[in-house]
Every structure is written in C-alpha cells, then in structure tokens.
Amino acid sequence: MAKDIRLDKYVAESAGITRKDAKAALSKGRVRVNGQVVKNGDGKISDTDEVTLDGKSLSAEEFLYLMLHKPAGVVSATEDGRDKTVLDLVREQSAEAADEAGETGYFLGKREVFPVGRLDKDTEGLLLLTDDGELAHQLLSPKKHVDKVYFARLSGEVPADAAERFAEGIQVGQDYKALPAELEVLSVQDGVSEVHITLREGKFHQVKRMCHEIGCEVTYLKRISMGNLVLDEVLLPGKCRKLTAEEIALLKA
Ligand code: URA
C-alpha cells in the first residue's frame with residue numbers, strides 16, 4: 001500500500017502547478033478535501049480522499065512513468081511469493097520520497113504500474129514502470145525493434161569475428177536466430193571482456209545466450225538504455241524516480 005502524500009504536493013502535482021501556487025490556492029480556500037475546505041497544505045491525504053480545486057476533481061496525470069535503477073537480487077514482477085520485487089522498491093519510495101525528491105518524486109496511490117519488459121534477477125539497470133499499456137506495447141512489440149543497450153562483463157576473450165556474427169544474427173541454440181545486433185568491445189584484459197551490446201528484441205536470457213554462443217559467459221549485466229531513454233547514472237541502484245516531461249516525450253518519439 002502506498003504511503004500518504006502532503007496535500008500541497010498532491011495539489012501541485014495533479015493540477016500541474018508549482019508548490020507555491022498550490023499553497024496560495026489552498027490559503028484562498030479553493031481546495032476541498034472530501035467536501036471540506038482545507039487551507040493548510042501540510043496535512044497528508046490518502047488514496048481514498050477526494051480532492052477538488054475550484055470544484056474540479058483533481059486526478060493526477062493520466063499515466064505515471066517511472067525509471068528504476070534495478071539492483072541485482074530483485075525480480076521484475078509485481079508480486080512474488082519469495083523474492084523482493086521491483087514493485088516493492090517502487091512502493092517503498094512512493095510519496096514520502098516525493099516530498100524530498102521534488103519534481104521527480106511520485107505518488108503511487110491506487111495506480112497499478114508494471115515493469116515494461118523483464119530483466120533477470122541478477123541483471124541491473126534501467127527498468128521502466130508505467131500504467132500506460134499502450135506505450136508499453138509500443139516498446140515491447142517485436143515489430144517495433146526498440147534498441148536496448150546493455151553493458152556486459154564476460155568471462156573469456158571475445159573472438160575476433162564476434163561483432164560480425166552479432167551483426168549477421170546469431171543462431172541461439174536450436175531455438176531461434178537472433179535479429180542482427182551490435183557488439184562493441186570496450187576492453188579485453190586477463191580473460192575478461194567488457195562490451196556494449198545492442199539488441200532490438202528481448203527474448204529470455206537473450207544477452208547471456210548470445211554471448212554463450214560466442215564462447216563467453218556473462219558475469220555482470222546492466223541495461224543502460226531502452227529506445228531514447230537512458231539510465232540516469234545519478235540514480236543509485238534500488239532508487240526510482242518519475243520520468244521528466246522531456247524523457248516521456250523522447251520515449252514516445
Ligand atoms: N538479456 C539477458 O540475458 N538478461 C537480461 O536480464 C536482459 C537481457
């Protein structure tokens with residue numbers, strides 16, 4: 001269950017006005033909570049409270065878009081009987097963090113966000129969560145070929161023809177031939193290779209399986225971008241924030 005949120009913060013966010021303007025609207029008696037005028041924005045409201053500004057119901061933005069820096073050890077699910085989920089992380093940071101985080105804080109309320117695609121339990125990095133099913137579909141549709149860029153550390157030296165094989169489309173076991181992908185070698189040292197890999201599809205364990213095909217095993221994997229959305233390196237593993245308006249526009253472009 002999401003935590004409560006300060007009234008002035010809620011009014012500002014849901015009406016798309018500054019916190020200062022929200023406070024001014026409150027002090028002028030323009031805001032009602034469950035029908036009663038409330039002038040002090042310090043109080044907290046919860047999911048079930050009905051808030052109006054000038055008589056109009058304030059529902060927050062139509063959709064919520066969150067960037068999570070997924071840490072290793074949590075699963076990309078909304079619920080799991082055993083492991084901590086990405087949704088647990090998102091819930092923990094709702095609302096109270098919003099007050100501290102300013103623009104990029106968020107209030108989950110009754111919203112049901114879900115992860116757009118999956119990262120393995122041991123994979124870190126960019127995970128988008130939203131309740132915008134249409135956008136999720138656009139990003140995940142195999143027909144759209146949205147680029148996903150990963151940083152991977154591999155045990156083994158990447159063979160000389162690896163980038164060419166990735167570009168041609170690697171046969172993965174008996175299962176499928178991968179779409180053409182990019183492999184850029186960043187470094188090779190003492191039997192450890194570091195690479196950037198760009199995929200345009202998202203099959204189960206795909207990076208790991210493709211690397212296995214070239215004789216290397218993934219020991220560390222991190223997604224750094226999806227389409228035009230790049231992981232904010234200021235966001236520490238486990239931390240989540242709302243996308244900025246620019247990021248949302250880029251994602252939809
Ligand atoms: N490929 C993988 O093997 N694992 C991930 O988590 C993502 C892509």
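Numbers here are sequence positions counted from 1. Order of listing sets the numbers, starting from 1, for every ligand and every atom in it. Everything numeric here is computed off the predicted structure, so don't read it as measured data.
Residue-level proximity to ligand 1 for V218 is absent, since no heavy atom of it falls below 4.0 angstrom. Contacts between D120 and ligand 1 below 4.0 angstrom, taking non-hydrogen atoms only, involve backbone and side chain alike.
Each of T130, D132, T244 was checked for a side-chain hydrogen bond (donor to acceptor under 3.5 Å, both in side chains) with Y65, and the lone residue meeting it is D132. A salt bridge (Lys or Arg N to Asp or Glu O under 4.0 Å) with D122 holds for exactly one of K222, K208, K70; it is K208.
Using a 4.0 Å heavy-atom cutoff, Y150 is listed among the residues neighbouring ligand 1.
Considering backbone and side-chain N/O of V207, one or more are found under 3.5 Å from N/O of ligand 1. Of the polar atoms of R209, none of the N or O atoms is found under 3.5 Å from an N or O of ligand 1, judged by distance alone.
Annotation: side chain of R241 is in contact with side chain of L235 (closest heavy-atom distance under 4.5 Å).
With 3.5 Å as the limit, one finds a donor-acceptor pair spanning the side chains of Q206 and E201. Side-chain N/O atoms of Y220 and E124 include a donor and acceptor closer than 3.5 Å.
Ligand 1 places these atoms under 4.0 Å from at least one heavy atom of T123: 4 (N), 5 (C), 6 (O).
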